[in-house]
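Worksheet: one structure, shown below.
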Amino acid sequence: MTLRASALSDASIAEQSGLLSELMAHCGSDGSLVAVQTTKDGIPTVWIKRQQLRDVLRYVKSELSRPFSMLFDLSATDERLRRNHDGLPIGTFTVFYHLFSFDRNQSLRIKVALDDESLSLPSIIDLWPNADWYEREIFDMFGIRFEGHPFLRRLLMPSWWDGYPLRKDHPSRATEVGMFQLPPDKLDMTQDALQFKPEDWGLPRTYHDRDSDFDYMFINLGPAHTGTHGVLRLVAQLAGEEIVNIVPDIGFHHRSQEKIAERQTWHTFIPYTDRIDYLQGVLNEMPYCLAVERLAGITVPPRAQAIRVMMSEFYRIASHLVWYGTFAGDVGALSPVFYMFNDRERILSIVEAVCGGRMHPNWFRIGGVARDLPIGWDQLVRQFIDWFPERLDDYERLVMDNPILKQRTVGIGVLSREDAIAWGATGPMLRACGLPWDLRKVRPYSGYEQFDFEVPTASNGDCYDRAVVHMLELRQSLRIIRQCLDSMPAGPYTSLDPLATPPLKQHTMQDIETLINHFVGVSWGPVLPPGEAEVSTESSKGQTSYYLTSDGSQFSYRTRIRTPSFAHIQMVPLMARGELLSDLLAVLGSVDYVLSDVDR
């Protein structure tokens, strides 16, 4: 029988108590703090009255010592079918704000309960500009309005969509609704909805000046455009060749993974995580499995942790190689993408030998991994890590030292550290601005604290610096993989916790109760205790997190997936404004995003 991990360390409890004391000192006197919630992840979670929400948010962002400067995530939950309330002031809907303080290295979750009669909240775009898309997403998925939002309209679904997909009464399968039809009148309506009208976005058609007047030009890029690397639409407002503004249009790739999670068991949702960012394989599975393990109190064996780390770094290299080659192609260098895809193929061959899959490995399991490392895995890994450094040297000369690429990227798409934090940038986007923030170092998980590696940074926050950080991270991932190869622990590759692993075969053939448990666990799925847990990890593009809510069943009551691409694409207008149209693809390519990671 495996030991269950304790929910919180003494240090975490002390930090949580200190923050809660500060909040209660500020909010307790006027009664704005309604309740304090205990969660499995140890994140301080408080419920605030709707009327005092803005005041509390302003306090924790600007007035609190060591403030919470980043709005990391913002979403909602339909509470109408929830059974285990635990005495909390839950309404029909809950909106939660996930804030982060770099000075404290701490998260804070603020919740607000809403009833059907008052499904609205004040907008906080003036506090955190990245709240724009998050508030629109909540309106789109739940129908909750945000008063004061300048462009409150659907974000992922078409404007003509009927209903709110993440409400509990919205169908989750196509078989639950009638056959989709597009008669001529509806076709005309949908085509009209795609027509871009500048006035709807507060964009003037004409520039008026005392000396001259001229008309702006509006250029449509996508959703079918090679430079967008997927189904993304951008409408650029131009003054000559200068970019005045950009309106991104997302949602063409939408598959509603958060909705699917409500009908899949805890185990059977793992294959769906691979499709969130289809370039980074098990890096998608890591935060989900860690969050489920946090909910269930499952301890992962050291060997399984090391295997997870090694395969995660392989997929980080594979994802970075795709970005590296396509970024070079975006600025005009055609050869690198062929070289780097060839190297990626070598990685996928190793992945296939270990996991059995390539782009979608479906290999992590709750409590460990699906299988132990096969015979000969060490030879495959050693051959690659001995061969690859010389290739990186070639790429540095071919791409990073190329004068044309430098001319196209140095000083282009500059992002300051302050703007990066205000807009929710993480990963290479944030580290290119000079902040050495990597969750594998500052909030280690899966045993990353046992590995020796550095966190690459740059200083200018431009397109070139984002490429520099990616390039240096390739070498650090190799460094981690070599340590896994040299010091792979012995022992089991998965936990024997009954919530994670079926009973051992020798027991199922002797004990009928054990056989029944095996059958129920595989067919019905494990039942997790009620609670909430969120885990963030350092994926290839930034911080990915899964915030899971269990209502005491074999399904997730609510699965919130926070992805870096969603946050970063929202920042493209900020980085491109004032640049030339010819610079747009360099800015867009430097972001390192995947549309499935944006739309989820």
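Along the sequence shown, residues carry numbers from 1.
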If the threshold is 4.0 Å, N to carboxylate O, is there a salt bridge linking [X] and [Y]?
{"X": "Arg167", "Y": "Asp78", "value": "no"}
{"X": "Arg80", "Y": "Asp116", "value": "no"}
{"X": "Glu313", "Y": "Arg440", "value": "yes"}
{"X": "Arg66", "Y": "Asp103", "value": "no"}
{"X": "Glu293", "Y": "Arg308", "value": "yes"}
{"X": "Lys168", "Y": "Glu262", "value": "yes"}
{"X": "Arg316", "Y": "Glu473", "value": "no"}
{"X": "Arg82", "Y": "Glu532", "value": "yes"}

Measuring only between side-chain heavy atoms, which start at C-beta, is [X] closer than 4.5 Å to [Y]?
{"X": "Leu221", "Y": "Leu584", "answer": "yes"}
{"X": "Trp266", "Y": "Tyr288", "answer": "yes"}
{"X": "Leu203", "Y": "Val247", "answer": "yes"}
{"X": "Ile125", "Y": "Pro150", "answer": "yes"}
{"X": "Ser312", "Y": "Tyr448", "answer": "yes"}
{"X": "Tyr593", "Y": "Leu232", "answer": "yes"}
{"X": "Pro530", "Y": "Asp86", "answer": "no"}
{"X": "Leu74", "Y": "Ile138", "answer": "yes"}

What's the spacing between [X] [atom1] and [Y] [atom2] if we round to 0.5 Å?
{"X": "Thr273", "Y": "Met286", "atom1": "OG1", "atom2": "CE", "result": "11.5 Å"}
{"X": "Leu435", "Y": "Leu430", "atom1": "CG", "atom2": "CG", "result": "4.5 Å"}
{"X": "Leu155", "Y": "Asp599", "atom1": "CG", "atom2": "CG", "result": "8.5 Å"}
{"X": "Leu23", "Y": "Ile110", "atom1": "CG", "atom2": "CD1", "result": "7.0 Å"}
{"X": "Phe139", "Y": "Arg153", "atom1": "CZ", "atom2": "CZ", "result": "10.0 Å"}
{"X": "Glu137", "Y": "Met157", "atom1": "CD", "atom2": "CE", "result": "12.0 Å"}

Where [X] and [Y] come nearest, the two heavy atoms and their spacing:
{"X": "Glu135", "Y": "Ser123", "answer": "OE1-OG, 2.8 Å"}
{"X": "Arg83", "Y": "Ser553", "answer": "NH2-CB, 4.1 Å"}
{"X": "Asp140", "Y": "Pro165", "answer": "O-CD, 3.6 Å"}
{"X": "Ser446", "Y": "Val309", "answer": "O-CG2, 3.3 Å"}
{"X": "Leu548", "Y": "Ala291", "answer": "CD1-CB, 3.6 Å"}
{"X": "Val300", "Y": "Gly367", "answer": "CG1-O, 3.8 Å"}

Using the side chain to side chain donor-acceptor pair (under 3.5 Å) rule, take Gln37 and Trp47 through it: C-alpha gap first, then chi angles, then the decisive distance, then the call.
CA-CA 8 Å; Gln37 180 180 350; Trp47 292 73; 3.0 Å; yes
Can any side-chain N or O of [X] pair as donor or acceptor with the backbone N or O of [Y] at less than 3.5 Å?
{"X": "Arg275", "Y": "Ser596", "result": "no"}
{"X": "Thr45", "Y": "Ile43", "result": "yes"}
{"X": "Gln554", "Y": "Thr265", "result": "no"}
{"X": "Asp462", "Y": "Asp465", "result": "yes"}
{"X": "Glu258", "Y": "Ile561", "result": "yes"}
{"X": "Tyr445", "Y": "Glu538", "result": "yes"}
{"X": "Asp597", "Y": "Thr563", "result": "no"}
{"X": "Ser550", "Y": "Leu528", "result": "yes"}
{"X": "Glu176", "Y": "Pro171", "result": "no"}
{"X": "Arg145", "Y": "Ser118", "result": "no"}

Evaluation steps, side chain to side chain contact (heavy atoms under 4.5 Å, CB included), between Asp277 and Leu283:
CA-CA 9 Å; Asp277 178 349; Leu283 283 167; over 6 Å; no
Can you name the one residue among Leu99, Leu127, Leu57 that meets side chain to side chain contact (heavy atoms under 4.5 Å, CB included) with Leu71?
Leu99
Would you indicate whether Trp161, at its atom CH2, is surrounded by more than 12 heavy atoms from other residues, nucleotides or ligands within a distance under 6.0 Å?
no
Kindly confirm or rule out a cation-pi arrangement of [X] over [Y], judged by NZ or CZ under 6.0 Å from the six-membered ring centre and within 45° of its axis?
{"X": "Arg136", "Y": "Phe151", "value": "no"}
{"X": "Arg466", "Y": "Trp323", "value": "no"}
{"X": "Arg562", "Y": "Tyr547", "value": "no"}

Which class fits the ring pair Tyr134 and Phe566: parallel under 30°, tilted 30 to 60°, perpendicular over 60°?
tilted
Parallel, tilted or perpendicular: which fits the ring planes of Phe100 and Phe102, with parallel below 30° and perpendicular above 60°?
perpendicular
Donor on one side chain, acceptor on other, Ser536 and Gln543, under 3.5 Å
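Looking only at side-chain atoms, Gln543 and Ser536 do not form any donor-acceptor pair under 3.5 Å.
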Evaluate the side chain to side chain contact (heavy atoms under 4.5 Å, CB included) criterion for residues Glu534 and Arg109: first the C-alpha distance (whole Å), next the side-chain angles of each, then the deciding distance (0.1 Å), finally the verdict.
CA-CA 10 Å; Glu534 183 270 344; Arg109 189 181 293 124; 3.5 Å; yes
Could you please spell out the steps behind the side chain to side chain donor-acceptor pair (under 3.5 Å) verdict for Arg50 and Ser120?
CA-CA 9 Å; Arg50 176 178 177 273; Ser120 66; 2.8 Å; yes
With side chain to side chain donor-acceptor pair (under 3.5 Å) as the test, would you mind laying out the steps for Lys541 and Ser319 before giving the verdict?
CA-CA 9 Å; Lys541 297 168 178 60; Ser319 178; 3.0 Å; yes
What do the steps show when you test Thr77 against Tyr557 for side chain to side chain contact (heavy atoms under 4.5 Å, CB included), and what is the final call?
CA-CA 9 Å; Thr77 301; Tyr557 184 84; 3.9 Å; yes
Under the side chain to side chain contact (heavy atoms under 4.5 Å, CB included) criterion, do Ser540 and His470 qualify, and how do the steps go?
CA-CA 9 Å; Ser540 62; His470 277 85; over 6 Å; no
